[in-house]
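As the structure lists them, so they are numbered: ligands from 1, and atoms in each ligand from 1.
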Amino acid sequence: MSDDLLWKVPEGEHVKLKKYDPGYVHPSFKHDEADEALAQLGREIDELQELLSAAQHHSLLMVLQGMDTSGKDGTIRHVFSNMNPQGCSVTSFKVPTPEEAAHDFLWRINNVTPPKGVIGVFNRSQYEDVLVVRVHNLVPEDVWQRRYKEINHFEKRLADNGTIILKFFLHISQDEQAERLQARVDEKDKAWKISSSDFVERQYWDDYQQAYEDALSQCSTNEAPWYIVPANHKWYRNLAIAQTLVDTMRKYKDEWKSDLEERGRKELEALQQLRDSGKIKGL
Ligand code: AMP
Ligand code: MG
């Protein structure tokens, strides 16, 4: 179902962001029912995470990228509000520290990939190294150019080792960003969210869109697909992402459940043997 709600980038597709409407809303989701629908999806994410955690076969990595104000933080707050905090880890990637900068760009990312049983959310990610780094010429072109391949190899390695990967690009329009930035200036209780650098970065809008198009085109693979999320409407963005997460995890549900049943059977057998041998009394 989630395929209609947002756009999965097929491997090898040459993405043109102008073709995707940031204000898109699929008619199956209604604004006035959004809170209840999201709460229900949130409960299902929690249930599926419990199975993921118990089965210990997979981890899940969710990458969130998007222009400033596109809603990366809001997505995390709303989509995971029903989650057991033990089942989820969130990492926000900032300007690299001196220690991080002294290593290769994937070092800090590799250090915090989710272990089996955990949903790891990346608020920004390895992709900053082909986005902000490219837009501001922080490294020579031949260095950022080869990173697409390096990222693909890295993600393939994670996927081969049991990580389910979902990458979401929160697609907002330039006008919507202007409104969100202006709201932070106008509304005193939002002023703490102002980051003057967001206003500077906005000047590079077209360069960022170009950099995103290349990242989405070169790094959407079958094992680590990119999804373009229409994100002008916050309520819709949350629902589309939550539904995609649920649909993806549901595919593994039977496998996780049957593994757990098998494990339960083995434990009961082992217990019976202990009883039969007289090692356990009274229980
Ligand atoms: P925020 O997400 O608003 O806290 O901002 C974090 C800032 O860190 C953004 O301006 C990012 O572009 C920047 N950033 C994240 N990763 C990198 C990186 N690898 N190199 C340079 N800047 C980065
Ligand atoms: Mg910011």
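- Contacts of Val95 with ligand 1, taken as heavy-atom pairs under 4.0 Å, involve both backbone and side chain.
- Salt-bridge check for Glu150 with Lys156: failed, with every basic side-chain N at 4.0 Å or more from each acidic carboxylate O.
- Within the 4.0 Å heavy-atom shell around ligand 1 one does not find Lys193.
- Salt-bridge annotation for Arg250 and Asp247: present, with a side-chain N of the basic residue lying under 4.0 Å from a carboxylate O of the acidic one.
- Among the atoms of Asp68, none of the N or O lies under 3.5 angstrom from an N or O of ligand 1.
- Applying the 6.0 Å contact sphere to OH of Tyr20 captures more than 12 heavy atoms from other residues, nucleotides or ligands.
- Neither the backbone nor the side chain of Glu201 has a heavy atom within less than 4.0 Å of ligand 1.
- The shortest separation from a heavy atom of Pro96 to ligand 1 is under 4.0 Å, placing the residue in contact.
- Those atoms of ligand 1 that come under 4.0 Å of a heavy atom in Asp129, given as number and element, are 19 (N).
- Heavy-atom proximity to Val133, at under 4.0 Å, picks out these atoms of ligand 1: 20 (N).
- Using a 4.0 Å cut-off between a side-chain N of Lys or Arg and a carboxylate O of Asp or Glu, Arg134 and Asp129 do not qualify as a salt bridge.
- Among His136, Gln126, Arg108, the residue whose heavy atom lies nearest to atom 19 (N) of ligand 1 is Arg108.
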Begin with the C-alpha distance, continue with both residues' side-chain angles, and end with the deciding distance and a verdict on side-chain hydrogen bond (donor to acceptor under 3.5 Å, both in side chains) for Gln174 and Gln209. CA-CA 10 Å; Gln174 206 172 0; Gln209 297 291 300; over 6 Å; no
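- Contact check on Lys266 versus Glu262 returns a salt bridge, with a Lys/Arg side-chain nitrogen under 4.0 Å from an Asp/Glu carboxylate oxygen.
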